[in-house]
Structure formats: C-alpha cells, structure tokens
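Accompanying notes for the structure given below.
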Amino acid sequence: ELDSLDRRIRQLEIEREAIRREGDKERIAALDKEIEELKVELDHGNHDLAVRLGQWAALEARRQGFWEGAEALVPVPLTRWRRWQRGYNQAEMLARGMADVTGLPVVNLLRRTKNRKSQTHLSGEERRRNAEGIYLASVPNEWCGKRLVLVDDVMTTGATLANCALALQKADRNAEICIFPLCYAE
C-alpha cells in the first residue's frame, strides 16, 4: 500500500510542476483536494506517509525558492488528547519530512494551553473565535530573531496559523514568521 501511495505522490509532484507552469487554478484546486484525501490516511496513523508528504512539499517549495533564509520549522501543536488519540502530531511529521529535504531543524516552540472543539465543522467566524488565545510560545534565545516556518496540514480560514504566528510574535517581536500549510481547504 505504501508503494502505491509513494507512486501517487510522485505523480502528484510531476503534475504540480506542470500546473505551476500553466497557472491552472482549477487543476491546482483538484490537486489540493487529492492531497487533502491523502491527509485523511495520514490522520489514521500512517507516519511514513506524513513524512513523505512533507518531503514532497519541501521539494516543491525548494523549486520556488521558498526556503531562502528559513532557519527552523515549527509545527502547529495538537491538544494532548488529540495527540494521544492519533499517536502523533501530523504537522510535526510533515515538518520532519521537510527537515529531511531542507536540513532545517524542527523546533517545538508552541503549545496549546486550552482544549477547544475541533475546527472541522465550524464556520469561518467560529474558527477565528475558537482559535483565539489557545497557543503559547516559548522562544529560547537561540531562536530569537530568526525566520521561522510554521507548518500545518490544512489551512481553511487561517485562524489556527494566524494565532500561532501571534503567539510566536508575542514571545519574540523580532521573529520573521512564514506559514507552510500542506494544502488549502474551503
């Protein structure tokens, strides 16, 4: 099964390069949907797939010069309960795959301080309210003033990534924060 998923990821990589050159937004959306479907498998305990998706995404980003100046990968944290349920944090596994390609360290600078309901079935406004004030960052001196790349699996409204970025900026006003969601959803 992993071999067939690996072949599919390679196909997606080739398609993504062609789509990028053509600028076909509909095909890009279709590719994002397919990546999101692979993410469902990722959510059900397939660590290897998460790492492979991270590697693939990092290669794509490298072709576009995204990693220039980046100094660390920061995965979006899960609640303890959610991490226990899954057995891993998918954003951290994606970041580990990205680290394999980029050589950047994965640093866990964020933690969730509150358990709230899943964002999955919430409206945009509900997502924004639900994500407010639930992340806390602790940035050691060695990471102050650095260009940090926030990694997450899916971005819908951006509420989670925005609140994580705010927490990092509150802990270190000199940090440069970039976001890297694997895919976008509506």
Side-chain angles (χ1 to χ4, degrees), residues 28-29 32 35-36 39-40 42-43 50-51 53-54 57-58 60-62 64-99 101-186:
I28 289 171
D32 283 344
I35 291 171
E36 189 172 357
K39 183 244 173 210
V40 169
L42 187 158
D43 274 352
V51 171
L53 284 170
E60 286 298 309
R62 183 167 63 192
Q64 297 176 29
F66 178 82
W67 301 112
E68 203 62 40
E71 297 174 272
L73 299 161
V74 180
V76 170
L78 293 176
T79 63
R80 286 183 191 161
W81 170 249
R82 190 73 158 147
R83 186 176 181 114
W84 178 83
Q85 270 184 318
R86 282 191 185 149
Y88 69 103
N89 175 352
Q90 73 279 6
E92 187 173 343
M93 293 296 107
L94 290 168
R96 293 204 183 286
M98 292 174 184
V101 170
T102 64
L104 296 171
V106 176
V107 293
N108 290 301
L109 303 178
L110 291 163
R111 67 181 174 92
R112 272 192 74 158
T113 59
K114 297 176 183 165
N115 292 327
R116 300 229 175 115
K117 61 184 167 185
S118 171
Q119 302 269 76
T120 309
H121 301 291
L122 301 179
S123 71
E125 183 55 36
E126 289 170 326
R127 284 172 184 257
R128 280 184 274 286
R129 282 194 310 265
N130 196 49
E132 282 179 7
I134 64 173
Y135 299 100
L136 182 65
S138 178
V139 182
N141 286 339
E142 68 184 295
W143 298 111
C144 285
K146 305 288 185 185
R147 183 169 185 239
L148 306 173
V149 180
L150 263 174
V151 178
D152 204 1
D153 56 349
V154 178
M155 183 171 101
T156 305
T157 62
T160 297
L161 287 163
N163 279 281
C164 287
L166 285 171
L168 286 166
Q169 294 256 286
K170 187 175 179 182
D172 175 15
R173 294 203 182 280
N174 296 318
E176 180 183 342
I177 313 298
C178 303
I179 63 167
F180 197 119
L182 179 65
C183 60
Y184 299 89
E186 291 185 11

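Values below: all heavy atoms of this structure, side chains included; hydrogens, waters and symmetry mates excluded. In this chain, residues are counted from 1 in sequence order.
Applying the salt bridge (Lys or Arg N to Asp or Glu O under 4.0 Å) definition to pairs two or more places apart or across chains, those involving residues 137-152 are E71-K146, R147-E176. Each ring-ring contact (aromatic ring centres under 6.0 Å, His included) pair with one or both residues in residues 144-175, not counting sequence neighbours, would appear here, but there are none. Sequence neighbours left out, not one pair with a member in residues 156-165 passes salt bridge (Lys or Arg N to Asp or Glu O under 4.0 Å).
With sequence neighbours left out, W143 forms a ring-ring contact (aromatic ring centres under 6.0 Å, His included) with no residue at all. A58 pairs by the side chain to side chain contact (heavy atoms under 4.5 Å, CB included) definition with W67, M98, V101, T102, not counting sequence neighbours. With sequence neighbours excluded, no residue satisfies salt bridge (Lys or Arg N to Asp or Glu O under 4.0 Å) with R111.
Remark: C178 SG to L148 CG distance equals 8.5 Å, nearest 0.5 Å. The CG atom of L53 lies 13.0 Å from the CE atom of M93; values are rounded to the nearest 0.5 Å. The line from CG of L168 to CD1 of I177 is 4.5 Å long, rounded to the nearest 0.5 Å. Atom CZ of R112 and atom CG of N163 lie 10.0 Å apart (nearest 0.5 Å).
Across V139 and A171, no two heavy atoms sit closer than the pair CG2-CB, 3.7 Å. When every heavy atom of V106 is checked against every heavy atom of A95, the shortest pair comes out as CG2-O, 3.6 Å. The minimum heavy-atom distance between L104 and A70, with the atom names listed, is CD2-O, 3.2 Å.
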Stepwise side chain to side chain contact (heavy atoms under 4.5 Å, CB included) test for Q90 and L78: CA-CA 9 Å; Q90 73 279 6; L78 293 176; 3.8 Å; yes
L150 vs L110, side chain to side chain contact (heavy atoms under 4.5 Å, CB included): CA-CA, chis, key distance, verdict: CA-CA 10 Å; L150 263 174; L110 291 163; 3.6 Å; yes
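Looking only at distances, no side-chain donor or acceptor of D153 sits under 3.5 Å from a matching main-chain atom of A91. Although no hydrogens or angles enter the test, the distance criterion places a donor-acceptor pair under 3.5 Å between the side chain of Q169 and the main chain of A175. Judged by distance alone, with hydrogens and angles left aside, the side-chain atoms of N89 form a donor-acceptor pair with the main-chain N or O of V76 at under 3.5 Å.
Remark: of the listed residues L109, T160, L166, T160 is the sole one forming a side chain to side chain contact (heavy atoms under 4.5 Å, CB included) with Y135.
The closest side-chain heavy-atom distance from P75 to N108 is below 4.5 Å.
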